[in-house]
Trainee: 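The structure that follows is given in the form of structure tokens.
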Amino acid sequence: MSGPADSIEIQNVVASTGIGQELDLEALADDLPGADFNPDNFPGLVYRTQEPKAAALIFRSGKIVCTGAKSIDDVHEALGIIFDKLRELSIPVDEEPEITVQNIVSSADLGHNLNLNALAIGLGLEDVEYEPEQFPGLVYRMDEPKVVILLFGSGKIVITGGKRTDDAETAVEEIVERIDALGLLG
Amino acid sequence: RLRKWQERIRTKDAGERNLQFALSEIDRMASALGVPRSVREVASVIYRRALNEDLIRGRSIEGVATSALYAACRQEGIPRSLDEVAEVSRVPQKEIGRTYRYISQELGLELKPVDPKQFVPRFASALNLSEEVQAKATEIIDVSAEQGLLSGKSPTGFAAAAIYAASLLCNEKKTQREVADVAQVTEVTIRNRYQEQIEAMGFR
DNA sequence: ATCTTACTTTGAAAAGC
DNA sequence: GCTTTAAAAAGTAAGAT
């Protein structure tokens, strides 16, 4: 049975890790081709991987934030590339640094147009933020799973704030159920 | 202790001065926007509630005052767009919107989304359009909203397009530029909404 | 008039102001 | 709160052609 849950696509994964070693970012900026480092603007050095495509923010403390990856596997792959690059520069990197997924952004399609005005009232104005003058999406904060869902008139949605792959799936099933219960789904 | 006592008085005086400043700002902005006294009173009540619930910490007094006025206009059914409110405030539009969302949530104002129809009388009279055009614009908004065209669209742009369409239908034509100016939207937005609305009305 | 580019919103981490 | 990163959704806007 193909439903909205099957349309879920992970769009971005944010994760953090650390190599357990302090870094000289000035030196690293010179040794890493393509690295962007503007300490006046931001304390982190930006390094981008091509395959898989991702961006890493590397800090003086040795902590690293990886963003832009399309899957958790890609996060590990991209960070693996960065760990190796650092080792090539004779920087001691922990054997297998712990990688923590901090946020997963997914998109999905409910397959029906949505009446956002009716939805704002139906879902409860206290849990909803819908200000079409400022943004076309209705913002719905769900408690379980704890995610934020952006719903659009087209029926396309964005799920963000989750830390596990199945948070998006659970959230989509839940939101479909709630919208359907209101009689506002197709 | 005397020092502690004086500090309390000083704090109380400062708070009182801040409140007076906020209320006078609400008054000034309300006058500039031309909203009735009742709206200023509602805005004052909202501001005092925000003050009592300590929602101003970390935000500017002017920002909260402006947001309270924006909220009051909506609550009283005579909304002003964020653009219009920002014009009479010294706070940037982005901050007004963000602060409004915050106090609205914290105070549980639960204001319904702005209805485009609420802009019709004001925009239409600014364009010297007849009662007939207003009625037609209102009808266009109702019909196209019912067909789901309103979701995600800016209420001012939606109202502007309906007024433009109605002015054509009633032979009191206004140009897209004229309507765009009073509604503070672009001609492109009017054009886009207008096309959808005309189709929804069954006029090709 | 149409196209391109860009900005609005959500979420999270990092270090420092 | 801010700064930076990435990505989606859809509406609006601005500048160029």
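Only a predicted model underlies this, so the values are computations on that prediction, with no experimental measurement involved. Each chain gets a letter, A, B and so on, in the order its sequence line appears, and its residues count up from 1.
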Trainee: Just to confirm, is there a sub-4.0 Å distance from OP1 or OP2 of C/dT8 to any side-chain nitrogen or oxygen of B/R101?
Mentor: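 The answer is no; no side-chain N or O of B/R101 sits under 4.0 Å from OP1 or OP2.
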Trainee: Should B/K136 and B/E139 count as an ion pair when the cut-off is N to O under 4.0 Å?
Mentor: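 A salt bridge is present here (some side-chain N lies under 4.0 Å from a carboxylate O).
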Trainee: Rounded to whole angstrom units, what separation is found between the CG atom of A/N103 and the C1' atom of C/dA14?
Mentor: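 Answer to the nearest Å: 14 Å.
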Trainee: Taking 4.0 Å as the cut-off, does a side-chain nitrogen or oxygen of B/R98 come that near to OP1 or OP2 on C/dT9?
Mentor: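 Result: no.
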Trainee: Quick check: any donor-acceptor pair below 3.5 Å linking the side-chain of A/T67 to the base of D/dA6?
Mentor: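 Indeed, a donor on one side and an acceptor on the other fall under 3.5 Å apart.
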Trainee: State plainly whether the residues B/R177 and B/D181 are in salt-bridge range, i.e. N to O under 4.0 Å.
Mentor: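 Answer for the salt bridge query: yes.
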Trainee: Using the P atoms only, state how far D/dG1 lies from C/dT10, rounded to an integer number of Å.
Mentor: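 To the nearest whole Å, 10 Å.
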Trainee: So, is A/R141 near the phosphate of C/dG11, with a side-chain N or O under 4.0 Å from OP1 or OP2?
Mentor: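 Looking at the OP1 and OP2 atoms of C/dG11, one of them is under 4.0 Å from a side-chain N or O of A/R141.
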Trainee: Given the P atoms of C/dT9 and D/dC2, what is the spacing between them in whole Å?
Mentor: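 Looking at atom P only, C/dT9 and D/dC2 are 10 Å apart.
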Trainee: Can you check whether B/T186 has a side-chain N or O nearer than 4.0 Å to OP1 or OP2 of D/dT12?
Mentor: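 Answer no for this pair, as no side-chain N or O of B/T186 is under 4.0 Å from OP1 or OP2.
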Trainee: Grab the CG-P distance between A/N113 and D/dA9 for me, whole Å please.
Mentor: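 These atoms are roughly 15 Å apart.
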Trainee: Are A/S61 and C/dA15 close enough that a side-chain N or O sits under 4.0 Å from OP1 or OP2?
Mentor: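 Yes, because at least one side-chain N or O of A/S61 sits under 4.0 Å from OP1 or OP2 of C/dA15.
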Trainee: Please determine if B/R122 and B/E84 form a salt bridge, counting it only when a charged side-chain N lies under 4.0 Å from a carboxylate O.
Mentor: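 Looking at B/R122 and B/E84, the cut-off is met.
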Trainee: Can you work out whether A/Q11 or A/F42 has the more 5'-proximal nearest nucleotide on DNA chain D?
Mentor: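 Nearest nucleotide further toward 5': that of A/F42.
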Trainee: Which residue lies toward the 5' end of DNA chain C, A/P136 or A/L57, if each is placed at its nearest nucleotide?
Mentor: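 Closest to the 5' end, via its nearest nucleotide, is A/P136.
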Trainee: What is the nucleic acid contact for B/V185, judged by heavy atoms within less than 4.0 Å: base, sugar-phosphate only, or nothing?
Mentor: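 Sugar-phosphate: the residue B/V185, judged by heavy atoms under 4.0 Å, touches backbone atoms but no base.
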Trainee: Is there a side-chain contact between A/S154 and the phosphate of D/dA10, meaning an N or O under 4.0 Å from OP1 or OP2?
Mentor: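 Answer is yes, contact under 4.0 Å.
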Trainee: Distance check, P atoms only: C/dA6 and D/dT4, in whole angstrom units.
Mentor: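 Per the computed distance, 16 Å lies between those P atoms.
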Trainee: Are there more than 12 heavy atoms of other residues, nucleotides or ligands under 6.0 Å from atom CZ of A/R164?
Mentor: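 Atom CZ in A/R164 is not crowded, with 12 or fewer foreign heavy atoms closer than 6.0 Å.
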Trainee: Please state the P separation for the pair D/dT3 and C/dC7 - nearest whole angstrom.
Mentor: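 Nearest-Å result for D/dT3 against C/dC7 at atom P: 13 Å.
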Trainee: With a 4.0 Å limit, can you tell me whether A/K70 has a side-chain N or O closer than that to the phosphate oxygens OP1/OP2 of D/dA6?
Mentor: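 Negative; the distance criterion is not met.
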Trainee: Between B/R193 and D/dT12, does any side-chain N or O lie under 4.0 Å from OP1 or OP2?
Mentor: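 So the side chain of B/R193 is within the cut-off, an N or O lying under 4.0 Å from OP1 or OP2 of D/dT12.
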Trainee: Please report the distance, rounded to the nearest Å, between CZ in A/F152 and C1' in C/dT9.
Mentor: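 Distance, rounded to whole Å: 7 Å.
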Trainee: Check the phosphate of D/dA13 against B/T189, side-chain N and O only, distance under 4.0 Å to OP1 or OP2. Yes or no?
Mentor: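 Answer yes for this pair, as a side-chain N or O of B/T189 is under 4.0 Å from OP1 or OP2.
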Trainee: So, is B/K94 close to the C/dT8 phosphate, meaning a side-chain N or O under 4.0 Å from OP1 or OP2?
Mentor: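 Yes.
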Trainee: Return yes if a side-chain donor-acceptor contact under 3.5 Å exists between A/T170 and A/E173, otherwise no.
Mentor: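 Result is no, nothing qualifies.
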Trainee: Both B/R59 and A/A55 contact DNA chain D. Which one's nearest nucleotide lies toward the 5' end?
Mentor: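 The residue whose closest nucleotide sits nearer the 5' end is B/R59.
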